[in-house]
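Just so you know, ligand 1 is whichever comes first in the structure, and atom 1 is the first atom listed for that ligand. Counting begins at 1 with the first residue of the sequence.
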Amino acid sequence: MRKGVWITRSMDYDQSQSHMRSTLIPFSPAQPSKWKDPIATESRSLDAISGNKVVNEVNVQVILRCRPLNEDEMHAETPTVILCDEIKGEVSAVHQTTNKQRTYSFDGVFGPTAQQKELFQTISPIIEEVLEGYSCTIFAYGQTGTGKTYTMEGQKMGKSWELPSDAGIIPRAVQQIFHVLKSKDAEYSMKVTYLEIYNEEIVDLLCPNENLDFAVNEAKRSIILMEDSGGATFLRGLKQALIHSADEIYELFEKGSVKRRTAETLLNKQSSRSHSIFSVTVHVKDCTPEGEDLTKCGKLNLVDLAGSENIIRSGARELRAREAGEINKSLLTLGRVINALAEHSGHIPYRDSKLTRLLKDSLGGTAKTCIIATISPSIHCLDETLSTLDYASRAKTIKNRPKVNHRAIKSELIKDLYAEIGCLRKEVNALREKNSAYRSQDHYQNQENQMKEVPYHNKAIDQGDHSSVLLKDKYKENAKNKEKDALIRDLRSSEKALTEQILKLQKELENAASDVSSLSAKAEIHDRLLDENKTRFQNFHVQLSLKLEYLHKAVAASAEQQQQQMKLLDVKMQSLMSRRNEVSEELALQLRKIQDLYCYHIKYIGEIAGEIDRNFQSTCHKMTSEVSRGFSSFGDIFKEKLWEGISAIHELKDIIYSQEDKLTTFVQEQGEVHLRALELSKTSTKATLTFFENLRMHLSNMSKIEEYLQSAIAEKLRELEMKFELRKGCSSLKEWESFWKAQIIERKIWFKKR
Ligand SMILES: Nc1ncnc2c1ncn2[C@@H]1O[C@H](COP(=O)(O)OP(=O)(O)OP(=O)(O)O)[C@@H](O)[C@H]1O
């Protein structure tokens, strides 16, 4: 055994041709004895001798990673609905319609700007535990296009096998394993396997066949999944590659990744169409405190699941739709397993898909497990994101019972290996007996004895009478020949009958075979249809529950919105009612004011008329008294009084004009008020307008009266002048006075008439 790399004989299979071996590969850590695998034997014996150290239950670790918006999403200015609090380890999803937040907490949260290196720093303690002999699983789970492959594999390596800055967990984990082994100067051996589950078929990605025609190589690469009575899982036909350096792993991994099935969908330019599991098993030599040799056997499973996808949104058709259906089906089973474990249900449906059968030990078993849930920040993925967050937070409650399951004492290991070799030898002998012209020892001995008996018999015949013996012999020979001929005839006829029988049987067998093959073809079609229907039903069920949930939320949101609108309407109605009341009160007030104003103006006009009357009377009176004072000054006085009368009329006119202005302004104000409350104030506006129409009529009447008065006064003055001229001829003052009295009476009558 050399320092650095330690390889057990049993693992070093056909190193000259290839460093691969293909046998029953144990997938779960504990192995039963009946499988003839040296690694299995080793792990079993380790358990038995050292007694595995069972630690307490530990929860499955869940880390959440949210990718950044991609170029298309940024170009379309897609809104984001995810908030990551890396310090608190919390993620919040903001609901678009209700604006409510749902917050989830995880063992680690990495937002859109988080680097691959930072994420790996959180994962790296798990790698250390692999080298302590634990079985550890890291798997990425999430909707299609959310960054599972980016997280697990990352940027491809160059030819120099140097880690690029965007390298994912797998290359970083390999680098760390080798780094730790080197720093401890440990003796170790290492092997890797790489498989994919495509349409429920397990396919070996390390199959050395370089021909990439999948259809041709499908059968050769297909692996059989088996389970023993104890529930341990085995893979028959899976190749294991013995590894001596990190570069060897990188090379194998890149070659295997190329063979993995990917395709372009509407949601991801390079979407993985299969689940992949890359496993690294490391045996590290150690020793007990007593100085006895030990071997620790740790295993690291790195799983990149295919993404769940909405077939409508991913645009999958025909083959792609079938792939998506199978992917969704196995993810649905994974979800059911997670639910059953979270709810401590009695039955865990591991057996419903190959993926869950292979991950059985990682979920609720003896492995240490870390799930990386990947999500998109886009508003368009919110439903799928919420579903991933729900599954991830349920997975947090799953408890595993990890154990250091591969500790061994070397001498016991060798003893087991010898026993294993014994078993293998027996198996080889049995196979030879079955397949070749092998003769057992007893059979061989009988044949030898028979051969020896023949010469001894011939010797006895030589010793008798020669001629009689010859006759006897001839007779005997004839009889024997006849007997022989009869026998041969019998044999021939029975052979013929037998041949006929065989042909008949063969025909029947052929018929039966064709019946069986047509039946099995039908059964296959039936199974396929059943599977397809099951997948369709499951997809439909998933879609339906998503849609129902969405509908339920939409109905709740719209009900809430309606309630709010009703409240708003109520408030508006109340304010409208109070405003209407205010407006009606205001209008009533305005009407009252108009009424008062109208009364006031009527009264005022009456007063003006009275005043005019009085003025006229007093003017006439003054004129009369003045005239009576003397004829000489009468002309001047009369003129003065006349001017007074005219200016009084002008004043009156001004008053009327100013009143008219005021009224016009008021009408304008009223018009504005009425415009504001258009519908409600139509009637009052009409009334007001009529009122103003009347008022205007009155005013025009007044102006007519005024005009008439002016002309009448002028006429009367002319008359007066005339009469004055005539009076010049009056004989006495008394006569003149009576003349004026008659004139005044006449005027009064005329006024009254007016
Ligand atoms: N954290 C990230 N930072 C930068 N780019 C990312 C990140 N996560 C994902 N991407 C990019 O998003 C695209 C889709 O990622 P990826 O193929 O890893 O998704 P997936 O979940 O594996 O999808 P599928 O399930 O369809 O295989 C890739 O171009 C990848 O480079």
I'd like to check which ligand 1 atoms, numbered from 1 as shown, lie under 4.0 Å from a non-hydrogen atom of Arg65. 1 (N)
Among the heavy atoms of Thr374, does any lie under 4.0 Å from an atom of ligand 1? no
Test your reading of the structure: does Thr146 have an N or O sitting under 3.5 Å from an N or O of ligand 1? yes
Here the pair of heavy atoms bringing Val192 nearest to Leu206 is O-CD1, 3.6 Å
Within 45 degrees of the axis of the six-membered ring of Tyr134 and under 6.0 Å from its centre: does Lys403 put its NZ or CZ there? no
Ligand 1 versus Ala114: contacting region, heavy-atom distance under 4.0 Å: neither
May I ask you to list the atoms of ligand 1 that are less than 4.0 angstrom from any heavy atom of Gly307? 25 (O)
Per-atom contacts, ligand 1 versus Gln143 - under 4.0 Å to a heavy atom: 21 (O)
How close do Ile371 and Ala395 get, counting heavy atoms only, and between which atoms? CD1-CB, 3.7 Å
Quick one: do the Asp304 and Ser276 side chains pair a donor with an acceptor below 3.5 Å? no
Arg172 vs Lys117, side chain to side chain contact (heavy atoms under 4.5 Å, CB included): CA-CA, chis, key distance, verdict: CA-CA 9 Å; Arg172 284 178 197 273; Lys117 197 176 166 187; 4.0 Å; yes
Looking only at N/O atoms, are Thr144 and ligand 1 under 3.5 Å apart anywhere? yes
Near Lys148 (heavy-atom distance under 4.0 Å), the atoms of ligand 1 are 18 (O), 19 (O), 20 (P), 21 (O), 22 (O), 23 (O), 24 (P), 25 (O)
Any Lys/Arg nitrogen of Arg102 or Asp390 sitting under 4.0 Å from an Asp/Glu carboxylate oxygen of the other? yes
Between Gly145, Pro112, Cys66, flag the one that comes closest to atom 23 (O) of ligand 1 by a heavy atom. Gly145
